[in-house]
Amino acid sequence: MTAGTRVEVRTIIVNGEAVMTAAATLADLVAERGLGGARVATARNGTFVPEKARASTLLFFDDHVEIVSPRHGG
């Protein structure tokens with residue numbers, strides 16, 4: 001970030017909880033939550049978002065995001 005850059009903070013719903021975030025994209029949000037290197041599945045407003053599309057998936061006020069990790073075992 002450079003001096004004078006405005007950071008927009010928005011409230012979105014992540015896994016059912018209201019979260020304030022400066023993340024502009026779904027990829028930013030995953031990284032912000034410390035899951036940047038983790039294997040996770042994501043959805044925005046009920047639509048699955050593949051990993052390759054996260055960087056171009058913009059987040060808006062009141063979006064509903066799901067971030068889930070795959071389960072192992074049975």
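Residue numbers start at 1 and run along the sequence shown.
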Item to check | Qualifying residues under side-chain contact (heavy atoms from CB on, under 4.5 Å), relative to A31, sequence neighbours excluded | outcome: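 Once residues adjacent in sequence are excluded, A31 has no partner under the side-chain contact (heavy atoms from CB on, under 4.5 Å) criterion.
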
Item to check | Check: T57 side chain, L26 main-chain N or O, donor-acceptor pair, under 3.5 Å | outcome: no

Item to check | Distance-only donor-acceptor check, side chains T25 and R54, under 3.5 Å | outcome: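 Distance-only check fails for T25 and R54.
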
Checklist entry - Does the pair E8/R10 count as a salt bridge with the N-to-O cut at 4.0 Å? => result yes

Next on the checklist: For I13 and V19: C-alpha separation, side-chain torsions, deciding distance, then whether side-chain contact (heavy atoms from CB on, under 4.5 Å) applies.
Outcome noted: CA-CA 6 Å; I13 308 300; V19 173; over 6 Å; no

Checklist entry - Where is the tightest heavy-atom contact between S69 and V40, given as atom of each residue plus distance? => result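 Closest pair (atom of S69, atom of V40, distance): OG-CG1, 3.8 Å.
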
Checklist entry - salt bridge (charged side-chain N to carboxylate O under 4.0 Å, His left out): which pairs involve residues 24-50, sequence neighbours left out? => result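 Every pair satisfying salt bridge (charged side-chain N to carboxylate O under 4.0 Å, His left out) with a residue in residues 24-50: R44-D63.
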
Next on the checklist: For the OG1 atom of T42 and the CD atom of E66, what is their distance to the nearest 0.5 Å?
Outcome noted: 10.5 Å

Item to check | Gap separating the OG1 atom of T21 from the CG atom of L59, nearest 0.5 angstrom | outcome: 7.0 Å

Item to check | Side chain to side chain, L29 and V65, heavy atoms closer than 4.5 Å | outcome: yes

Checklist entry - Just wondering, do F61 and I12 contact through their side chains at under 4.5 Å, heavy atoms? => result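 No - every pair of side-chain heavy atoms lies 4.5 Å or more apart.
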
